[in-house]
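The structure presented is a predicted model; accordingly, all values stated were derived computationally and were not measured. To find a chain, count down the sequence lines: A is the first, B the second, and so on, and within it residues start at 1.
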2 protein chains.
Amino acid sequence: MGKISRKVDILHAASKVVSEKGIFNLTLDATAKEAGISKGGLLYHYPSKEALVQGMVEHLANNYREKISNNAESDPVDKGKWVRAYVDVTFNQAYQNKDMHYGLLAAKAVSSNSLDPIRELYSDWQYKIEDDGIDPIKATIIRLATDGIWLSELFDIYHIEKDKKKAVYEKLREWANE
Amino acid sequence: MGKISRKVDILHAASKVVSEKGIFNLTLDATAKEAGISKGGLLYHYPSKEALVQGMVEHLANNYREKISNNAESDPVDKGKWVRAYVDVTFNQAYQNKDMHYGLLAAKAVSSNSLDPIRELYSDWQYKIEDDGIDPIKATIIRLATDGIWLSELFDIYHIEKDKKKAVYEKLREWANE
DNA sequence: TTTAACATACCATCTGGACGGTACACTTTC
DNA sequence: GAAAGTGTACCGTCCAGATGGTATGTTAAA
C-alpha cells in the first residue's frame, strides 16, 4: 500500500503467504516474491526469518492494543468497558486485517519466545477484565468465548455463520452490561 | 506402551516432539528417535509424513468422539446433555493425553485436508448442541468458551489458573442446566 | 560521495523418502 | 517334518531438492 513503510508491506506479504499456503511455505523466497522484492531486499529489512516473524507478532500486538485502548477509553460507561472493548474489537474491527492473525501461527511454529508480546497483552487484558465492575468469572467467560471464535477460525476447525456470530455478539454485549 | 500397537506409540512420540520442540522439528528422524525405531521402521508404519500427521488427527478425533458420546449417552437428563458432555470431557478428560492436541498443530502446518476429521466432528457437535433443549445461542457460547480455553492453551498465549478454570467450569455447567 | 535500499550469486545444511537388506515367524509343499 | 516360500517388521544409507543466510554487487536519493 503506502510507500512509507515497506516493512509493513512485507509483514502483510508474509501473512498472506501463511494464510494461503500454510506455515511450511512461509519461506524467505516466498515472502520476498509476494512482497515484490528479492530475498536480499527482504533480508535487508528483516535480517532473519525469526526477526520477520517477530515483526508480525509485534505489529499485530501493537495494533490490537491500540484499538482496544481507544475503544475502552471512549466508552461513556465505566462498568464493563474493557470487556465490551475486547468483544467489539475482536468481532468487528480485528477482522479487517484478519490475515495478520496468521503471524501467530507462524510465531507458534518458529519459536516459543516470539509469542511474548501477545502473552503480555493477554495477561494485561485479563487483569483489566477481572477488575471491570462485573462478575470476574462471567467476564472471563465472555472473553474466552470471544477467543473461541477467532482461534477456531484461525485454526480452521470451525467457522461460525454470520447470523449466529451476530447473535452471539449481541448476547455477549448484553452480558457485559449486567 | 503395550506391544500391541506400535502405531499408537509412534503417534504419541510425534506429539511429544511437537509439544517439546515445535512443529518445525517434527521430522521423521526426530519422531523415529523418540519412538525408539529407525526412520525406515517409521516409514513402514506411516509411509509419509503426511500419513503420520493424518494418523495423529484421526486418533485424536476418534478418542474425542467416543468420550463425548459415552458421556452424553450416560447422562440421565436429556436436556443439555451434549453441552454438558462437551464441557465435561474438554475440561476434565481430554487433558490427560493433552499432548495429542498437538497433532492439530502439526495438521494445520502440513496440509489443509488433514484437519477434515476434526472439522467433521465439530460440525456434528454443533448440530447436536443447537438441538439440545437449551437456548442455542447460549449453548454455542458455552461451547465457544470451552474452545477458548483449550485453544489458547494449545496456542500457548493464555494459561488459565486452576481455581479460575474450576469456577468457569462450574458456571458453564450451571448454564447448561438452565 | 555517502548511505539506504535493494538485487544476484552462491553455499552449507537439512529433510523427505526411496531403496536394498535383514531377521524372524508362519504357512505351504513335497 | 524338513525345505521352500511368504509376509511382517524393521534397519541404515543415499540423494535430489529446498532453504536460511552470507557475501558481494548495483542504483538512486540526499
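Remark: S152(B) engages no residue in a side chain to side chain donor-acceptor pair (under 3.5 Å) (not counting sequence neighbours). Residues passing the ring pair (Phe, Tyr, Trp, His ring centres under 6.0 Å) test with Y169(B), sequence neighbours excluded: F91(B). Every residue two or more places apart in sequence or in another chain was checked for a salt bridge (charged side-chain N to carboxylate O under 4.0 Å, His left out) with K49(A), and none qualifies. Residues meeting the salt bridge (charged side-chain N to carboxylate O under 4.0 Å, His left out) test with K138(B), sequence neighbours left out: E178(B). Remark: E130(B) pairs with K164(A) by the salt bridge (charged side-chain N to carboxylate O under 4.0 Å, His left out) rule, at least two apart or across chains.
Residue pairs meeting the ring pair (Phe, Tyr, Trp, His ring centres under 6.0 Å) criterion with at least one partner in residues 17-46 of chain A, sequence neighbours excluded, are F24(A)-F24(B). Note on residues 70-81 of chain A: pairs passing salt bridge (Lys or Arg N to Asp or Glu O under 4.0 Å), not counting sequence neighbours, are D75(A)-R84(A), D78(A)-K81(A). The side chain to side chain donor-acceptor pair (under 3.5 Å) analysis of residues 27-42 of chain B, with sequence neighbours excluded, yields the pairs K16(B)-E34(B). Within the structure, the ring pair (Phe, Tyr, Trp, His ring centres under 6.0 Å) test picks out the following pairs touching residues 104-131 of chain B (sequence neighbours left out): Y64(B)-W125(B), Y86(B)-W125(B), Y122(B)-W125(B).
Nucleotides of DNA chain D with any atom under 4.0 Å from a heavy atom of chain A span, from 5' to 3', dT19(D) to dT22(D). Bracketed by its first and final contacts, the part of DNA chain C lying under 4.0 Å from non-hydrogen atoms of chain B reaches from dT15(C) to dG17(C) in 5' to 3' order.
At a non-hydrogen distance threshold of 4.0 Å, I37(B), S38(B), G40(B), G41(B), Y44(B), H45(B) from residues 33-45 of chain B come into contact with DNA chain D.
Residue-level contact check: L52(B) touches neither bases nor backbone, having no heavy atom under 4.0 Å from any strand.
Although no hydrogens or angles enter the test, the distance criterion places no donor-acceptor pair under 3.5 Å between the side chain of T90(A) and the main chain of V87(A).
Residue-to-nucleotide proximity on DNA chain D shows that, of P47(A) and N25(A), the 5′-proximal contact is made by N25(A).
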